[in-house]
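Presented below is the structure to which this report refers.
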Amino acid sequence: MGNILKIALRNLFRYKRRTLLTASLIAIGVILVVVFGGIANSFKNKVIGILTNSNLADIQIHKKGYISSIDNLPLDLTISGEGINKIENLLKENEQIKAFSKRFRFGSAISNFVQTTNIRLTAVYPEMESQTCPDLPKRIKNSKNEPSNFVRRGELIVPINLAQGLDLKVGSDVVLVANNKDGSVNGITLRVSGISENILGPTGKDGYLHLDDARTLLRIPTSQNEVTEIAIKLNNFDKLDYVYNQLKSELMKFKTQSGKPMYEISTWKELSPFASIVRIIDLLIIVVKIVLIFIVLVSILNVMIMSVYERVSEIGTIASIGTPPGKILSLFLVEGFSLGLISSIVGSLLGIAILFLFSIIKLNFTFGRMELALSPEIQLSEVIFTSLIVIIISVVSSLQPAIKASKLEPVDALRHV
Amino acid sequence: MSLVKLKNVKKIYQVGEVKVSALKDINLNINKGKFISFIGPSGSGKTTLLNLIGCLDKPTNGEIFINDVKVNQLGRKESAKFRGDNIGFIFQNFNLLPVLTVFENVEYPLIMVHSVPKTERKKRVLTLLEKVGMLDQKDKYPNQLSGGQKQRVAVARALVTNPKIVLADEPTANLDHKTAYRVIKTMHIMKNELGTTFIFATHDPKVVGEVETIYTLEDGLVVDKKIHNDRKGN
């Protein structure tokens, strides 16, 4: 095999210019896949990280039917009483779950005593919420509170666009007026303790208040343990689907009196429109890989066809000497393999170097209203996978010319000029 | 006993719709250790006959035996193996592999055809390169050699596997008089030292003047056979 490789490499570099041009073309394709994949995946992971760590969490549990009417923020589809206790026990027993947070989401009117407008609110226990969405306190500006207690009783975190519209600052007093599920109206005065940056998605512009204040506003008795959702943070995000399926099968055991499921469970993908963008990014990465496959296929096929055509007489010589057809086939396959291997190694190294450069200078841009600073990186497995595609396609595209070479009749090949 | 035996061998080529009879009923017996030549004008069938004996082509009719093996019935792989084991080739255009050095060109059949161990390979290649006077050029590539040097390397390559027969098609056609003579002498010495049968197809009087048996071909038939018993060892 070593000798076949030696001969193949020498034949490859016999036509230096052609080999270098083809190798460069393939290497550029690999660079494109590595750099584009690295940037796209980093962007995707960054935004998913922001969404899940600041707002959505990894998984959410709701009363059955809540998601389909989530835009209305229904107050009658809540998880309450014994149900909460059972779900809490379920979550505490699961080793994959790092933290969870009970939330009550509702709509309200907000007034600065001059102007009144609407606000969507998420009521939380700050200790639970800061563990479930650890980046949320970081997105609250001008707050003097500890991250683990980012919203205390009597306080309100308002989203930045609303704060600007109502000219609210930290320390401003506001009045919240809301209907409870029975239709009665109540009001509560709170003090603005922080301004939150906007995040992409339907819940990205919510205000935050303490869950006990929400109960007061909505006249929910303290003894009545009632929430609209439970947000869950996992120890390992990569196990999202596994934990989701595990929890789903457990939750499906809870039935209503009519035998229907009592709760529904959703991952962040079902809750954020960014999931569609993720799918488009994944599709684009696949398209770039397909383009690479065609570049490799056409380039190597072209080089190998030329190589066989130019060396017909040589093939006749080695065949007449007694070289078995299998070894002639191997000679050309190894040539294609070597070209693919060299190109993919060069392309991968240059691609990684470019990504490294980007990660040093950082790519800053705005997505929606989020300021992103990307440090692109790519997993080694992704680079290896791309290189493997190139090498496999190189061998596959060498196959037809190699078979042709191995099937040449020596007497005909020797006559070839 | 015959090393090469041809019985009623015919070869017809189909050229478009026309059938061209290249060989017509050839019967030959060539013994071991001979230095023989097929001569004749262009188109007389010399190269076709050499190709058939070299298992590079198959006859349309008749039988070919080499070392008692009926070679016209061998398949592609068997033919390749038989050639590798029994036959060496020397070509008019030398046909050395340009990417390999002199040493590697001679070594090639031992690697790709015979899988001879490295130490043994080196010994055999160096011995043969010394015999053909090319040892000092062993690290050069073919494009750094003269025509005569290339052909001597080709002789070494043809002999390195210890074949029973070496077939040489116009081996001196691209060489000047002096070089051609030296190459023929080299082959003659090799034949005497190794007992290999050399079969030539040539017009060259220098070759014809050295061989022991001369078969003259005309229009696909052997029309004359001359034996020169005085040319065995010089």
Side-chain angles (χ1 to χ4, degrees), chain A residues 1-19 303-304 306-336 338-339 402-417, chain B residues 11 13 22 47-48 50-58 74-101 104-116 118 121 141-143 154 157-161 163 166-167 169:
Chain A
M1 191 62 196
N3 287 299
I4 289 179
L5 185 64
K6 181 178 79 180
I7 296 170
L9 284 174
R10 286 197 195 170
N11 275 318
L12 209 55
F13 288 102
R14 181 172 166 183
Y15 308 103
K16 284 193 186 70
R17 190 182 301 170
R18 187 169 71 197
T19 301
V303 165
M304 296 312 293
M306 287 298 289
S307 194
V308 170
Y309 182 75
E310 285 165 351
R311 279 153 54 196
V312 169
S313 174
E314 268 178 58
I315 296 163
T317 304
I318 61 173
S320 62
I321 284 170
T323 310
K327 281 196 177 164
I328 297 175
L329 182 90
S330 309
L331 273 170
F332 284 90
L333 284 184
V334 170
E335 229 174 286
S338 307
L339 186 55
I403 289 172
K404 190 184 172 187
S406 70
K407 285 190 172 174
L408 279 175
E409 287 297 336
V411 69
D412 297 328
L414 283 169
R415 274 193 215 118
H416 192 270
V417 181
Chain B
K11 180 68 185 178
Y13 289 112
T47 301
T48 304
L50 226 55
N51 287 341
L52 293 178
I53 295 170
C55 307
L56 296 174
D57 206 355
K58 300 233 184 289
L74 296 176
R76 268 177 67 81
K77 281 184 188 170
E78 291 78 20
S79 273
K81 182 167 176 13
F82 188 84
R83 286 196 300 273
D85 290 342
N86 297 282
I87 303 169
F89 290 88
I90 299 169
F91 304 96
Q92 180 180 338
N93 294 321
F94 326 120
N95 291 28
L96 299 178
L97 300 178
V99 293
L100 302 181
T101 62
E104 289 164 342
N105 261 289
V106 180
E107 190 188 28
Y108 179 90
L110 299 177
I111 296 170
M112 300 299 274
V113 183
H114 288 265
S115 304
V116 175
K118 194 174 180 181
R121 277 199 321 255
Y141 284 89
N143 62 0
R157 183 179 65 184
L159 289 166
V160 76
T161 55
V166 170
L167 302 172
D169 192 1

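When reading the values below, keep in mind they use all heavy atoms of this one structure, side chains included, and skip hydrogens, waters and symmetry mates. Throughout, protein chains are lettered first and strands after them, A, B, ... in sequence-line order, and every chain is numbered starting at 1. Source: prediction; values computed, not measured.
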Original post:
Closest heavy-atom contact between B/Arg76 and A/Leu408?
Top reply: NH1-O, 3.7 Å
Original post:
Any side-chain heavy-atom pair from A/Thr317 and B/Arg157 closer than 4.5 angstrom?
Top reply: yes
Original post:
Roughly how far, to the nearest 0.5 Å, is OG of B/Ser115 from NZ of A/Lys327?
Top reply: 4.0 Å
Original post:
Does NZ in A/Lys6 sit with more than 12 non-hydrogen atoms of other residues, nucleotides or ligands closer than 6.0 Å?
Top reply: yes
Original post:
Near B/Tyr13 OH, under 6.0 Å, is it more than 12 heavy atoms from other residues, nucleotides or ligands?
Top reply: yes
Original post:
Counting only N and O atoms by type, is there a donor-acceptor contact under 3.5 Å from the side chain of B/Arg83 to the main-chain atoms of A/Ala319?
Top reply: yes
Original post:
Any side-chain heavy atom of A/Leu331 sitting closer than 4.5 Å to one from B/Met112?
Top reply: yes
**OP:** Using a 4.5 Å cut-off on heavy atoms from C-beta on, say whether the side chain of A/Asn11 contacts that of B/Leu97.
**Re:** no
Subject >> Atom pair CG (B/Asp57) and CG (A/Asp412), whose distance is rounded to the nearest 0.5 Å >> reply: 7.5 Å
**OP:** May I ask you to say whether A/Arg10 pairs ionically with B/Glu104, meaning some side-chain N is under 4.0 Å from a carboxylate O?
**Re:** yes
Original post:
Taking all non-hydrogen atoms of both residues, which atom of B/Phe91 and which atom of A/Ser320 are closest, and how far apart?
Top reply: CZ-OG, 3.3 Å
Subject >> Interatomic distance, B/Thr47 atom OG1 to A/Leu414 atom CG [nearest 0.5 angstrom] >> reply: 11.0 Å
Subject >> Heavy-atom check, side chain of A/Ile318 versus side chain of B/Tyr108, under 4.5 Å >> reply: yes
**OP:** Flag the pair B/Pro98 / A/Arg14 as yes when at least one side-chain heavy-atom distance between them is below 4.5 Å, and no otherwise.
**Re:** yes
Original post:
Heavy-atom distance under 4.5 Å to chain B: side chain of A/Ser330, backbone, both or neither?
Top reply: neither
Subject >> Neighbour count above 12 (heavy atom, 6.0 Å) for B/Lys58 NZ >> reply: yes
**OP:** With rounding to the nearest 0.5 Å, note down the distance linking CG in B/Leu56 to CZ in A/Arg415.
**Re:** 10.0 Å
Subject >> chain B contact via A/Asn3 - which portion, at a heavy-atom distance below 4.5 Å >> reply: side chain
**OP:** Tell me, for B/Phe82 versus chain A, whether the close heavy atoms (under 4.5 Å) come from the side chain, the backbone, both or neither.
**Re:** neither
Subject >> Least distance between heavy atoms, B/Ala80 atom then A/Pro325 atom >> reply: CB-CD, 4.4 Å
**OP:** Let me know if B/Asn51 has heavy atoms under 4.5 Å from chain A in its side chain, its backbone, both or neither.
**Re:** side chain
Original post:
Where does B/Thr48 contact chain A at under 4.5 Å (heavy atoms): side chain, backbone, both or neither?
Top reply: neither
